[in-house]
Amino acid sequence: NTLSKIQGLPAELLLHIFSHLNPLDLSQCSMVCTRWAGLARDPSVWKHLYPSRWAKGNWQFGASVHLPEDIDMESLEQDNDVYVVVDEDADFDESASSAIESDASNASVASYRAECIRREARMLVAMAKYLIPHVGDGVETIILSNSKGVTNGLVYKLLIQCPNLQYLNLSETKISDIAFKGLGKNGVGSKLRHLDLSGCVNITDTTLQRLASIRQPLQTIPDNQMMDTSNYAKPDYQHGVNDKNGRPLNVDPMVSNRDQGCCSRRHNETQHDTDIVNRRQQGSCDGGCHGNNSVSHSQRLSMDTAPRTKSRHDGRHDRSSYHGTGEYEHTDGGNLSRRLQFLSLSGCYRITDVGLGLLSQGGGWPNLAHLDLSGCLNVSGAGLSLLADICPTLNHETFYYCDNIEEGPYADTASGCQNLQCGNRVCCRLGE
Ligand code: FES
């Protein structure tokens, strides 16, 4: 009798109830009856997708159903180790039995992780096949950071089938340019505000060209006219690989200069030392150019987050709309295309000035406030300036690029590389 009363509730009320359920509950509700199955697949209840989290058994949708004002992205993305159980009372003695138990434990953890990857891959395939075609219109957030199961084909389908996608995090995945093949076609990607490709080392200039095509949804670039970057000279930088003398294999000229005891900024020694002193006094220089490693990692990160000097007040950049906490304001003045406000290409070392030039085309990025190009070893100050010039709302505090780039834009106010001592992202000063 109670069930029949619940089933008789108006659709609006049921949808409101469903909006508070997690994906697992929704899938169970969909098995009650045909009506509920239809309501459980309503786009309005599938705004935020966290497949990696769900594959680990954490079935939360997220803290908010609205982007971007009400959502705390940082807390949402801290899900990688949620289900790793740590026994703090474990007795790690030196006995052989403990070693065996430790091996067994390691094997267990490895097995658990492998199972997570398989489960995630299965879930992603099922979502792309059975869920996204029904709910794609309602999806605003997809977080796939650190996903081992995500593929280029899946991202391609997600972008095509989720026209209202605003927040996409693919950081630390193996996706490449093919995943973004659909960008710009029929408005695909035109609602994107936040795109995080940090650590995606397979991304090249082709993706930047496709990003630039977002502005003209009806004038897409045919595939056969896309720039072929496959023949680009691959940088000799090989992350974590050493030469025969045990030194990091990195023949980047900036590194050669650094090995000689000075960063490669094109100013004389006196000016250089003055800059360093000034920056130290302002608490933002790590002294890394001279091999001073006395600053702790946490201190260094906090320093690097701060601008090199006090921001200039020229009026132009005070219109920044990104507050560094996932909160945004609308500053596009009615320009509904190119809403991108956050772009991170940190560690995408294959990107070159050609890509930055392509990204600069099409009228600029009126809302871009956060731009992270840390670890992009193959871009120069000229390429960065080209891009920075067409980003009127770029916030210097959230504009990151390699410390060793010569004559970079806003050298006194932009923030430095974020990958120093990061360990898992490309940085020309790795190991200092
Ligand atoms: Fe040059 Fe990190 S990439 S300092």
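Note that this is a predicted model, so its numbers are computed, not measured. Order of appearance sets the numbers: ligands from 1, and atoms from 1 within every ligand.
- Of all atoms in ligand 1, numbered sequentially from 1 with element shown, those under 4.0 Å from a heavy atom of Asp403 are 4 (S).
- Distance alone, capped at 3.5 Å, places no donor-acceptor pair between the Thr207 side chain and the Ile203 backbone.
- Near Arg429, meaning under 4.0 Å from any of its heavy atoms, are these atoms of ligand 1: 4 (S).
- For Arg122 and Glu115, the salt-bridge test passes: some basic side-chain N is under 4.0 Å from an acidic carboxylate O.
- The existence of a salt bridge linking Glu172 and Arg425 is confirmed by a sub-4.0 Å separation between a basic side-chain nitrogen and an acidic carboxylate oxygen.
- Here is the list of ligand 1 atoms found below 4.0 Å of a heavy atom in Leu420: 4 (S).
- Within the 4.0 Å heavy-atom shell around ligand 1 one finds Gly375.
- Defined by atom type and a distance below 3.5 Å, a donor-acceptor pair is present between the side-chain atoms of Ser147 and Glu120.
- Looking at Ser344 and Ser198, their side chains do bring a donor and an acceptor atom within 3.5 Å of each other.
- Side-chain contact between Pro51 and Met127: present, with at least one pair of heavy atoms (C-beta onward) separated by less than 4.5 Å.
- Here the CG atom belonging to Asp205 is positioned 11.5 Å from the CZ atom belonging to Arg350, to the nearest 0.5 angstrom.
- Using a 4.0 angstrom heavy-atom cutoff, Leu377 counts as in contact with ligand 1.
- Look at Cys402 and atom 2 (Fe) of ligand 1: no N/O/S atom of the residue is under 2.8 Å from the metal.
- Heavy-atom contacts of Cys428 reach the following atoms of ligand 1: 1 (Fe), 2 (Fe), 3 (S), 4 (S) (cutoff under 4.0 Å).
- Atom 2 (Fe) of ligand 1 has an N, O or S atom of Cys417 closer than 2.8 Å.
- Shown in contact with Cys427 at under 4.0 Å from a heavy atom are these atoms of ligand 1, numbered in order with element: 2 (Fe), 3 (S), 4 (S).
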